[in-house]
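The chains referred to below are lettered A, B, ... by the order of the sequence lines, with proteins before strands, and numbering in each begins at 1.
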Amino acid sequence: MSSNDNNGYKPIAIEGKWQTRWEEEGTNSLSADLLERGENPYYNLMMFPYPSAEGLHVGNIYAFTGADVHGRFQQLAGHTVFEPIGFDAFGIHSENFALKQGVHPMDLIPSNVANFTRQLKRMGGMFDWDHTVDTTDPTYYRWTQWIFIQLFKAGLAVRKEAPVNWCPSCMTVLSNEQVIGGRCERCDTPVEQRNIAQWFFRITQYSQRLLDGLKNIDWSETTKKAQENWIGRSEGAILHFPILPEEQRGNSFDGMSKDELFSATKDLKNIEVFTTRPDTVFGATYIVLSPEHPIVKDITSSQQAKTIKAYQEQTAKLDLVARQKTEKAKTGVFTGGYALNPANGTAIPIWISDYVLMGYGTGAIMAVPGHDQRDFDFAKTMDLPIRQVVRSPKTSENNITDLLEAYVGDGVLINSQAFDGLPVQEAKKKICEWLKDIGLASVHIGYRLHDWCISRQRYWGPPIPIIHCDECGPVPVPEKDLPIVLPRVEDFKPDDSGVSPLARMEEWYITVCPECGTTARRETDVSDTFLDSSWYFLRYPSSDSETAPFDSDITSKWLPVDCYIGGNEHAVLHLLYSRFITMALHDIGHIHFQEPFVRFRAHGLIIREGAKMSKSKGNVIIPDQVIEKYGADTFRTYLMFLGPFDEGGDYQDEGIQGPHGFLHRVWETATEALQNDSVEKNAVVERKLHQTIQQVTEQLPRLRYNTSIAALMEYLNVVRSKGRVPQKSEVEPLIVMIAPFAPHLAEDLWESFGHSESIFSGMNWPQYEPDKAREDNVEIAIQINGKLRGTITVETDIDKNSAEKIARAEKNIARYLDTAMVKRVVYVPNRLVNFVVESNNA
RNA sequence: GCCGAGGUGGCGAAAUGGUAUACGCAGGGGACUUAAAAUCCCCCGGGAGAAAUCCCAUGCGGGUUCGAGUCCCGCCCUCGGCACCA
């Protein structure tokens with residue numbers, strides 16, 4: 001079935017007509033006046049796309065359609081809906097593509113944006129084209145730079161030298177989030193470590209708030225969980241292990257009292273370790289430091305110095321993939337130093353090993369080989385003592401033998417002096433308190449979250465607005481001098497130097513210090529793309545403003561965002577950064593809310609014929625072709641019909657016939673109904689109509705699009721059942737209800753039904769009346785011992801006795817009850833009668 | 001290994017603890033037509049039976065309940081995310 005070959009529904013013509021009209025009449029654009037008034041506002045947001053050269057892919061269209069259906073429904077329900085779209089066009093993605101094609105990104109991006117714009121208009125979204133953003137436009141990134149400066153002034157942007165992930169292929173620093181299993185997210189190259197001075201946003205200061213905030217926002221559970229895991233809070237303690245000076249090696253601290261131990265150790269330097277298992281401290285038989293730990297040089301004995309140095313160098317050379325391989329055998333070196341176990345005063349050796357990471361906790365651990373698998377493996381390899389201090393409740397006391405693996409489960413303490421017999425949970429508290437008393441412990445909460453490195457040694461991004469002055473240090477560019485425009489550089493290829501291509505342009509980076517006027521140097525790194533996208537939703541409603549990133553009146557009316565729809569691949573990247581930037585701007589006093597997105601829903605993924613789509617398999621759906629053949633309305637409706645929106649679906653090429661045929665039938669039914677405007681109502685149709693309105697009205701806001709469309713199909717089947725003649729009043733509500741899915745068709749039929757205004761111009765969503773949705777009769781099930789044995793049709797809400805009487809009279813039921821004794825009758829109104837019987841045959 | 005989602009006809013999928021398989025695709029039969037397309041009508045989980053009707057079926061094994069796709073316990077498999085995070 002091809003669309004334009006019959007003289008009925010002609011989607012291509014209808015869609016062209018309405019897209020032109022919407023544009024001419026500004027149907028979807030909010031005027032400055034409307035934005036300022038902000039009456040009954042609804043901010044409907046979707047994740048803006050990266051404008052690739054290939055054009056929109058189905059995943060984009062799926063996400064945008066789902067969001068657009070929601071926006072259109074809210075509009076029909078009476079809201080003033082603001083539904084903007086824009087382009088996230090900075091970043092490595094664009095840059096690498098430009099390099100490959102030999103085109104300058106400044107030439108490439110505009111043509112990609114133009115193509116995306118054409119496609120987005122063609123799919124019929126109600127986008128406000130008067131309020132778009134393009135992150136590469138200086139009028140936008142001027143404010144991205146402004147945000148950097150605000151954070152800098154608030155002490156939230158700091159420059160520090162740090163080991164960073166370096167992709168030797170992309171020749172740039174990657175954030176932790178961009179490293180997948182030790183490899184570059186983009187090109188799959190193993191990532192190396194490098195030490196470079198970088199700008200960091202101190203997102204870790206917000207760890208707890210970012211975690212707490214999750215409780216009060218209406219987000220997809222999976223997304224919240226991903227953020228929770230990413231922030232990775234763990235409660236524990238920092239324990240102090242006094243470093244034993246060489247001259248005290250021979251002394252025994254074992255068996256000292258609390259006071260004696262305190263006075264013997266109070267002048268000693270400590271190694272601080274973070275642990276979530278302070279209860280196992282009696283089982284700590286050695287210490288392991290990260291090879292990079294600054295204290296290593298102080299404790300290494302002269303005999304061990306050479307070996308330690310060699311190991312440190314070996315580790316530094318290791319790329320992160322090799323270092324993070326869990327299955328790799330444990331390696332490490334003894335430093336020659338000893339520390340005191342603060343719990344039992346035993347001197348224990350201090351080792352270094354690459355399985356301890358500098359980036360987490362204190363970069364040092366107390367090793368409890370009896371109760372931690374990593375420590376166990378290490379102890380076995382290095383032949384270090386293993387001491388069991390927790391007994392499983394399942395094991396009998398005499399059964400403690402050599403462990404085959406660490407016991408990490410619950411239990412009670414043993415070999416822990418005064419704490420023997422305490423359950424693990426209780427021991428954690430008690431041991432902490434005890435060590436706290438003698439100054440050897442503090443309660444500590446650790447987070448996995450790292451500071452956000454925003455420096456990129458690349459070309460295609462907004463220059464970081466900082467001037468380095470030998471006298472004044474890093475000085476922010478005065479706000480009046482923004483934007484710092486990214487110059488057009490023909491040779492923008494990155495090199496292995498670890499600095500941005502901008503660092504090759506002396507005429508650009510030499511400047512004067514805004515504070516002291518001496519010659520100074522601009523920062524030549526650009527910022528991370530995720531900074532561009534961490535605030536774009538603040539810009540949309542204020543995109544007309546030339547004097548502020550976001551107008552405070554408009555922002556207070558339209559934000560936070562009412563509904564945000566996007567992919568869960570951004571669960572811990574974009575969505576976390578956006579929350580952080582929002583909180584920071586709130587604290588600095590620029591906005592009135594702390595959470596940017598009241599509601600977030602992650603959509604599912606579309607596969608095709610049971611398989612993932614990929615260019616290499618050659619099975620990608622080309623949206624332009626589908627739209628050309630069936631029209632945007634059919635494509636939209638089909639995508640939404642595939643399955644639950646948050647789960648995605650399997651795109652089967654033949655399946656599009658269903659929704660396509662449905663829209664044809666709607667068109668034909670409506671056209672026929674125009675001739676039939678009878679006042680007489682058909683009871684069956686009317687009842688089904690009200691049931692349908694109820695169902696769809698309840699399901700649409702919950703994004704249950706597939707079942708909503710099914711309900712509309714059912715209704716149309718009733719309207720046309722046995723080829724009956726449709727009435728105008730039966731069809732008009734259907735036109736409104738399909739409008740979110742098939743907006744062009746709905747507009748056209750709405751017009752032919754005599755309306756001069758756009759269907760989306762008012763509160764046109766139909767109301768249902770519960771009385772009219774009510775059935776007079778219902779078919780109910782009759783069960784014997786829970787098994788279906790017949791059905792009867794009774795009046796709605798009939799009482800139990802009458803229902804039972806009718807049920808008993810049913811032929812098949814009577815047969816069963818003849819030979820059985822009824823012990824109980826369960827009656828569920830309008831559902832079933834269940835006879836619980838005991839058989840007499842026995 | 002940990003966290004999350006899921007497993008239902010030939011296929012995509014429905015089902016507040018209450019008649020499993022709605023809606024759609026594919027398939028079969030029929031109407032209209034010179035023919036095709038489009039449209040319309042009917043059938044369509046498996047098995048037994050002439051029929052009435054009965055048995056089996058929601059990944060597997062148990063349990064709770066008058067009644068379980070749905071709740072509980074123990075497994076298996078698939079897909080996403082995290083992973084030497086102390």
N or O in side chain of [X] less than 4.0 angstrom from [N] OP1/OP2:
{"X": "A:Asn229", "N": "B:G4", "value": "no"}
{"X": "A:Arg720", "N": "B:C41", "value": "no"}
{"X": "A:Arg448", "N": "B:C82", "value": "no"}
{"X": "A:Ser234", "N": "B:A86", "value": "yes"}
{"X": "A:Arg608", "N": "B:G12", "value": "no"}
{"X": "A:Lys225", "N": "B:C2", "value": "no"}
{"X": "A:Tyr816", "N": "B:C54", "value": "yes"}
{"X": "A:Asn568", "N": "B:A5", "value": "no"}
{"X": "A:Lys612", "N": "B:U78", "value": "no"}

Inter-nucleotide [atom1] distance ([N], [M]), Å rounded:
{"N": "B:A37", "M": "B:G47", "atom1": "C1'", "value": "40 Å"}
{"N": "B:G10", "M": "B:U64", "atom1": "C1'", "value": "36 Å"}
{"N": "B:A14", "M": "B:U8", "atom1": "P", "value": "11 Å"}
{"N": "B:C72", "M": "B:G17", "atom1": "P", "value": "12 Å"}
{"N": "B:A48", "M": "B:C25", "atom1": "P", "value": "30 Å"}
{"N": "B:G45", "M": "B:C11", "atom1": "C1'", "value": "13 Å"}
{"N": "B:C66", "M": "B:C76", "atom1": "P", "value": "32 Å"}
{"N": "B:G9", "M": "B:G46", "atom1": "P", "value": "12 Å"}

What is the nucleic acid contact for [X], judged by heavy atoms within less than 4.0 Å: base, sugar-phosphate only, or nothing?
{"X": "A:Glu779", "value": "base"}
{"X": "A:Arg724", "value": "nothing"}
{"X": "A:Gln783", "value": "base"}
{"X": "A:Arg233", "value": "nothing"}
{"X": "A:Val356", "value": "base"}
{"X": "A:Ile365", "value": "base"}

Base partner of [N], which must satisfy Watson-Crick or wobble distances under 3.5 Å:
{"N": "B:U16", "result": "none"}
{"N": "B:G4", "result": "B:C79"}
{"N": "B:A38", "result": "none"}
{"N": "B:G9", "result": "none"}
{"N": "B:U70", "result": "none"}

*Do the side chain of A:Lys823 and the base of B:C66 come within less than 3.5 angstrom through a donor-acceptor pair of N or O atoms?*
no
_Taking donor-acceptor contacts at under 3.5 Å, does the side chain of A:Glu668 reach the base of B:U39?_
no
*Could you pick out which residue, A:Asn785 or A:Phe274, lies toward the 5' side of RNA chain B when each is mapped onto its nearest nucleotide?*
A:Asn785
*With RNA chain B as reference, determine whether A:Arg824 or A:Ala711 sits nearer its 5' end, using the nearest nucleotide of each.*
A:Ala711
Starting at [atom1] of [X] and ending at [atom2] of [N], how long is that distance when rounded to a whole Å?
{"X": "A:Ile607", "N": "B:G7", "atom1": "CD1", "atom2": "P", "value": "14 Å"}
{"X": "A:Glu647", "N": "B:U8", "atom1": "CD", "atom2": "P", "value": "12 Å"}
{"X": "A:Leu575", "N": "B:G81", "atom1": "CG", "atom2": "P", "value": "15 Å"}
{"X": "A:Gln652", "N": "B:C11", "atom1": "CD", "atom2": "P", "value": "10 Å"}
{"X": "A:His660", "N": "B:C23", "atom1": "NE2", "atom2": "P", "value": "21 Å"}
{"X": "A:Tyr638", "N": "B:A13", "atom1": "OH", "atom2": "P", "value": "10 Å"}
{"X": "A:Leu716", "N": "B:U39", "atom1": "CG", "atom2": "P", "value": "12 Å"}
{"X": "A:Leu817", "N": "B:C66", "atom1": "CG", "atom2": "P", "value": "19 Å"}

_Under 3.5 Å side-chain donor-acceptor pair for A:Thr223 and A:Asn568_ = yes
*Indicate whether the side chain of A:Thr707 and that of A:Gln699 have a donor and an acceptor atom separated by less than 3.5 Å.*
yes
*Distance under 6.0 Å and angle within 45° of the ring axis: does A:Arg448 meet both against A:Trp230?*
yes
Measure from the side chain of [X], starting at C-beta and using heavy atoms only, and say which of [options] lies closest.
{"X": "A:Asn706", "options": "B:A86, B:A13, B:C66", "answer": "B:A13"}
{"X": "A:Thr791", "options": "B:G18, B:C84, B:U19", "answer": "B:U19"}
{"X": "A:Pro644", "options": "B:A14, B:G24, B:C40", "answer": "B:A14"}
{"X": "A:Leu788", "options": "B:G80, B:A15, B:A20", "answer": "B:A20"}
{"X": "A:Val836", "options": "B:A26, B:C66, B:C23", "answer": "B:C66"}
{"X": "A:Thr276", "options": "B:A86, B:C82, B:C54", "answer": "B:A86"}
{"X": "A:Arg704", "options": "B:A15, B:C23, B:A86", "answer": "B:A15"}
{"X": "A:Asn717", "options": "B:U19, B:C54, B:G24", "answer": "B:G24"}
{"X": "A:Phe641", "options": "B:C25, B:A86, B:G12", "answer": "B:G12"}
{"X": "A:Asn834", "options": "B:G18, B:C55, B:A86", "answer": "B:G18"}

*Going by heavy atoms in the side chains, are A:Gln208 and A:Ile231 under 4.5 Å from each other?*
no
Verify whether the ring centers belonging to [X] and [Y] lie closer than 6.0 Å.
{"X": "A:Phe835", "Y": "A:Tyr816", "result": "no"}
{"X": "A:Tyr705", "Y": "A:Phe641", "result": "no"}
{"X": "A:Phe274", "Y": "A:His444", "result": "yes"}
{"X": "A:Trp351", "Y": "A:Phe378", "result": "yes"}
{"X": "A:Tyr651", "Y": "A:Tyr62", "result": "no"}

*Pull up the glycosidic torsion of B:G9 and say syn or anti, syn being anything within 90° of 0.*
syn
_Donor-acceptor under 3.5 Å (A:His450 side chain, A:Thr204 main chain)_ = no
